[in-house]
Number of protein chains: 2
Amino acid sequence: MLLNIDEIAKLSGVSRTTVSRYLNGGYVGQEKKEKIKQVIEKTGYRPSSYAQTLRTNRTRQVGVILPKINSDSISEMVEGISSVLTKAGYFMLLANTANDENAELSYLDLFSRNKVDGIILIGTILTPAHKKAFEALSVPIVVAAQQAENTSCVYYDDYGAAKAVTELLLQKSKCPAYIGVREDDKAAGLERKRGFRAALSENGLIYRESYCTTASFNMQSGYERAEELFNHHKEIDALFCATDRIAAGAMLYLKQSGRRIPEDVKVAGVGDGKLCLLTTPTLTSAHLYYYECGSKSAEILLRHLSGDKIVQQIRLGFTVEKRQSTE
Amino acid sequence: MLLNIDEIAKLSGVSRTTVSRYLNGGYVGQEKKEKIKQVIEKTGYRPSSYAQTLRTNRTRQVGVILPKINSDSISEMVEGISSVLTKAGYFMLLANTANDENAELSYLDLFSRNKVDGIILIGTILTPAHKKAFEALSVPIVVAAQQAENTSCVYYDDYGAAKAVTELLLQKSKCPAYIGVREDDKAAGLERKRGFRAALSENGLIYRESYCTTASFNMQSGYERAEELFNHHKEIDALFCATDRIAAGAMLYLKQSGRRIPEDVKVAGVGDGKLCLLTTPTLTSAHLYYYECGSKSAEILLRHLSGDKIVQQIRLGFTVEKRQSTE
DNA sequence: CAGATTTGTGGAAACGATTCCACATAAAAA
DNA sequence: TTTTTATGTGGAATCGTTTCCACAAATCTG
C-alpha cells in the first residue's frame with residue numbers, strides 16, 4: 001500500500017497542501033484538522049523524512065565523529081550528547097574513525113555536504129588540516145574534549161586538574177614522577193604535563209626530565225613505564241599518571257614489586273572513571289564530567305542550528321576525588 | 001553556488017542522465033567519462049544522498065537501538081557493528097533508549113518507516129510486544145545479545161558459560177552462592193542462573209533458594225547483596241555472579257569484612273571485561289566475545305540487505321579465563 | 001457600508017537524484 | 001548488403017514533501 005501525503009489528502013478530502021500544513025502547524029480549519037488526524041491515526045502514516053530533507057534542506061541528524069566508542073570517557077560523552085539530541089528530536093549519525101586521522105577529515109567533508117545539519121567532533125589530535133577543514137565546513141561544528149581556535153568547543157581544565165592532583169600528592173611527597181601520553185594530544189598530553197610541572201615549580205621543586213615518561217592509553221603501558229621509572233629511580237615516592245588506566249597499570253607493577261601504596265608510593269590519575277573504585281587501594285583522581293561535556297556540546301550545537309552564530313568555548317571545572325592511593 | 005547534477009551536466013557538456021550513469025557505472029563514452037571526472041573533481045561535487053534515497057528507496061543507513069551506550073559490553077558490541085558497517089559503506093544511526101521499553105518499540109517503528117535500510121537491536125528484555133513489532137517491520141532486523149524467535153540473532157552461550165564457571169568453582173567449593181540479575185533479561189538473568197543450577201545438580205549438590213539473590217547491574221548492588229548473603233550464611237565458600245561488575249562489588253564487601261579471596265571465598269563473574277584485571281585478586285570470568293557479537297550481527301544484517309531472507313541464529317562460544325579469584 | 005484584515009484552502013513549482021524509454025551510431029554476424 | 005548486436009546518449013517522468021502564490025470567505029475597522 002502506497003502511503004504518501006497524496007493518499008492522506010485524498011482520504012481526508014483535502015489537498016496535499018492542507019495535509020502538509022496540518023503536519024507543520026499552519027492554518028487548517030477545525031473540521032479538516034479532525035478528519036486528517038483520524039486518517040493519519042488509522043493509516044499510521046509518517047511523512048518521508050528524506051522527501052522532507054530534500055525540500056527543506058534540514059536533515060534532523062547530527063554527525064558525531066569519534067576515535068573509538070569502547071572507551072569509558074568517550075562512551076560517557078556520547079551518552080551525554082545523545083540525551084540532549086534525542087530530546088530535541090535529532091538523531092545521531094556515528095562515524096568511528098578508529099583513530100585514523102584521514103578518516104576524521106573525510107568524514108568531516110562527507111557529513112558537511114549533505115548528510116547532517118551539524119557535527120560534533122570528539123577530538124584527540126587537532127592538526128592544521130583540521131583547522132582548515134573546520135573553516136571549509138558548510139554546517140556548524142562543536143569540538144568536544146579539546147580546545148579549538150575560532151570554533152565552538154567544550155573542553156576540560158586538564159591543566160588545572162593535573163595541577164590540583166599533583167599538589168595533593170606534594171603534600172606528602174618530595175620526589176614525584178609523571179607518566180603522560182603523547183603531547184600532540186593537547187588536552188591529555190600537553191596540558192596535563194603542564195599542570196604537573198606548574199605544581200612542582202610552585203612548590204619549589206625542580207622538574208626533572210628523567211622522572212617523566214610517556215605511555216599509551218592502556219594498563220599494559222602504564223605497567224611498563226612504571227617498571228622503567230622505578231628501576232632507575234628508587235627514590236620516587238609519588239606517581240602522577242595522565243589517565244586512570246595508566247595509573248592502574250602502574251599500581252599493578254608497584255604492588256608486584258613489593259611496594260606499598262600509599263605508604264611507599266602515592267599514586268593518582270585523571271578521569272575518575274569507574275575503575276578508580278576497583279583498584280586496591282582505590283585510586284585518587286580528578287573527576288572530569290565527561291557526560292556534561294557531551295551534553296553541553298550538544299546544547300551549543302543546537303544553539304548554532306537555530307541560527308546563533310556566536311562561537312562559544314566552555315571550559316569545564318573538575319573535582320579532585322581523594323581516595324586511598326594518596327592517603 | 002548551486003551544486004547539483006544539472007550543474008555538473010552543463011559544465012561537462014552532457015545530459016543529467018549521463019552524469020548519473022557515470023556515477024552509477026553505466027554506459028558512458030571514454031571522453032565524456034574523462035570530462036565528467038574532471039568537472040567533479042574541480043567542483044568537489046557529491047550527489048545528494050537524500051535525493052538518491054527518495055528516488056531509490058535505499059538510505060545506506062542502519063539503525064542501532066541500544067539501552068545505553070556507556071557500558072563496557074555494549075560499547076564493545078557497537079565497535080564491532082561499526083567496523084563492519086563502515087567497510088560496507090553504511091552509516092550507523094544510533095537510538096539510545098535509556099532502558100525505556102516504550103522508547104525501544106517506538107524507535108523500531110520510526111526506523112522501519114523510512115529512516116534506515118535495516119536495524120540492529122541490542123536486546124535486554126524481549127516482550128511479546130517486541131515479537132509483534134518485529135513482524136510488523138518493513139526492514140530486516142538482527143537482534144544482538146538475546147535469542148529471539150523467528151528472527152535473526154547473535155547471542156551468547158550464557159547457560160554454558162555460567163555452567164562452566166560454576167563447575168570451576170565447584171572443584172574447590174562445597175557451598176556456592178549466586179548473585180544474579182532480573183530474570184526478564186533472559187540471557188543474563190535466566191540462562192546464567194540455569195547454568196549455575198545445572199552445574200550444581202550435575203555435581204550432586206542441592207540448589208537452595210536462600211543462597212541465591214538478585215542484584216542490579218552495578219558494583220554497589222553487588223556489595224549489598226553479598227553483605228546480605230554472608231550475614232545469613234557464614235558457610236558460603238564460593239560466589240558466582242552474573243556479571244563482573246556485581247562480582248567486583250561483592251569482592252569489595254568480602255575484603256572489607258575480612259574474608260580472604262580465594263582462600264575463604266572463591267569468586268567468579270561473567271563477561272571478562274577490562275575490570276577483571278583491575279581487581280585484587282584478579283577476577284575469574286567467562287569471556288563472551290562482545291565485539292564479535294556486534295560484527296556478526298552486522299554481517300548478518302548486510303546479508304539480509306542484499307536480499308537473503310534466511311533467518312540465521314548464531315550462538316557464540318565462550319572461554320573461561322581462570323584468574324586469582326578462584327585459584 | 002466600503003475597505004482592510006484575518007483565516008482558510010488548493011494549484012503548481014520546486015528540491016536533486018534515478019531510470020524507463022526511444023533513438024543513434026558503429027561494429028559484428030548472416 | 002542487410003540484419004543484428006553492442007555501445008552511447010538524452011528526454012521526461014518520478015520519488016514525497018514544502019512553500020510561494022492566488023484567491024475566497026468571514027470578520028473587523030473607521
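A quick note: this is a predicted structure, and the numbers were derived from the prediction, not measured.
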Assign [X] to base, sugar-phosphate, or nothing according to its heavy-atom contacts below 4.0 angstrom with the strands shown.
| X | value |
| --- | --- |
| A/N57 | nothing |
| B/S48 | sugar-phosphate |
| A/N24 | sugar-phosphate |
| B/T56 | sugar-phosphate |
| A/Y22 | nothing |

Rounded to whole angstrom units, what separation is found between the [atom1] atom of [X] and the [atom2] atom of [N]?
| X | N | atom1 | atom2 | answer |
| --- | --- | --- | --- | --- |
| B/I40 | C/dA17 | CD1 | C1' | 13 Å |
| B/E7 | C/dA17 | CD | C1' | 15 Å |
| B/D6 | D/dA12 | CG | P | 13 Å |
| A/R113 | C/dC15 | CZ | P | 19 Å |
| B/I8 | C/dA17 | CD1 | P | 9 Å |
| B/L3 | C/dC15 | CG | P | 14 Å |
| A/Y50 | C/dA14 | OH | P | 26 Å |
| A/K115 | C/dG16 | NZ | C1' | 14 Å |

Take atom CZ in B/R182; do more than 12 heavy atoms of anything else shown fall under 6.0 Å from it?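 Atom CZ in B/R182 is not packed in, count stays at 12 or less.
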
So for atom CD, which belongs to A/E135, do other residues, nucleotides or ligands contribute more than 12 heavy atoms lying within a distance under 6.0 Å?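 Counting neighbours around CD of A/E135, more than 12 heavy atoms of other residues, nucleotides or ligands fall under 6.0 Å, so yes.
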
Is any NZ, NE, NH1 or NH2 atom of the basic residue among [X] and [Y] found under 4.0 Å from an Asp or Glu carboxylate oxygen of the other?
| X | Y | value |
| --- | --- | --- |
| A/E299 | A/K296 | yes |
| B/D109 | A/R46 | yes |
| A/K131 | A/E149 | yes |

Look at the side-chain N and O atoms of B/N4 and state whether any lies under 4.0 Å from the OP1 or OP2 oxygen of C/dC15.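 For C/dC15, neither OP1 nor OP2 has a side-chain N or O of B/N4 closer than 4.0 Å.
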
Side-chain N or O of B/S20 versus OP1/OP2 of C/dT18: is the shortest distance under 4.0 Å?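 It does, given that an N or O in the side chain of B/S20 lies less than 4.0 Å from OP1 or OP2 of C/dT18.
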
Check the interface with nucleotides 24-28 of chain D: list each N/O to N/O pair with the protein under 3.5 Å, or write none.
none

Using 30° and 60° as the class limits, which term best fits the ring planes of A/F91 and B/F111: parallel, tilted or perpendicular?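 Tilted: the ring planes of A/F91 and B/F111 meet at 30° to 60°.
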
Using nucleotides 7-9 of chain D, report all nitrogen or oxygen pairs with the protein that are shorter than 3.5 Å.
residue, atom, partner, partner atom, Å
D/dT9, OP2, B/G29, N, 2.4

Nucleotide of C/dC20, D/dT17, C/dA17 approaching B/T17 most closely (side-chain heavy atoms):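 The nucleotide sitting nearest to the side chain is C/dC20.
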
Measuring from the side chain of B/L54 (C-beta onward, heavy atoms only), which nucleotide among D/dT17, C/dA17, C/dG16 has the closest atom?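 Nearest nucleotide to the side chain: C/dG16.
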
Test log, rule side-chain hydrogen bond (donor to acceptor under 3.5 Å, both in side chains), inputs B/Q147 and B/E191: CA-CA 11 Å; B/Q147 192 172 12; B/E191 289 297 309; over 6 Å; no

Here's a test for you: under side-chain contact (heavy atoms from CB on, under 4.5 Å), which of B/D72, B/I120, B/I122, B/V64 qualifies with B/M77?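 By the side-chain contact (heavy atoms from CB on, under 4.5 Å) criterion, B/M77 pairs with just one of B/D72, B/I120, B/I122, B/V64: B/I122.
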
Residues B/D185 and B/T124: side-chain donor-acceptor under 3.5 angstrom: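 Looking only at side-chain atoms, B/T124 and B/D185 do not form any donor-acceptor pair under 3.5 Å.
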
Show, in sequence, the C-alpha distance, side-chain angles and deciding distance for A/I141 and A/L108, and conclude whether the side-chain contact (heavy atoms from CB on, under 4.5 Å) test is met. CA-CA 9 Å; A/I141 186 171; A/L108 274 176; 3.7 Å; yes

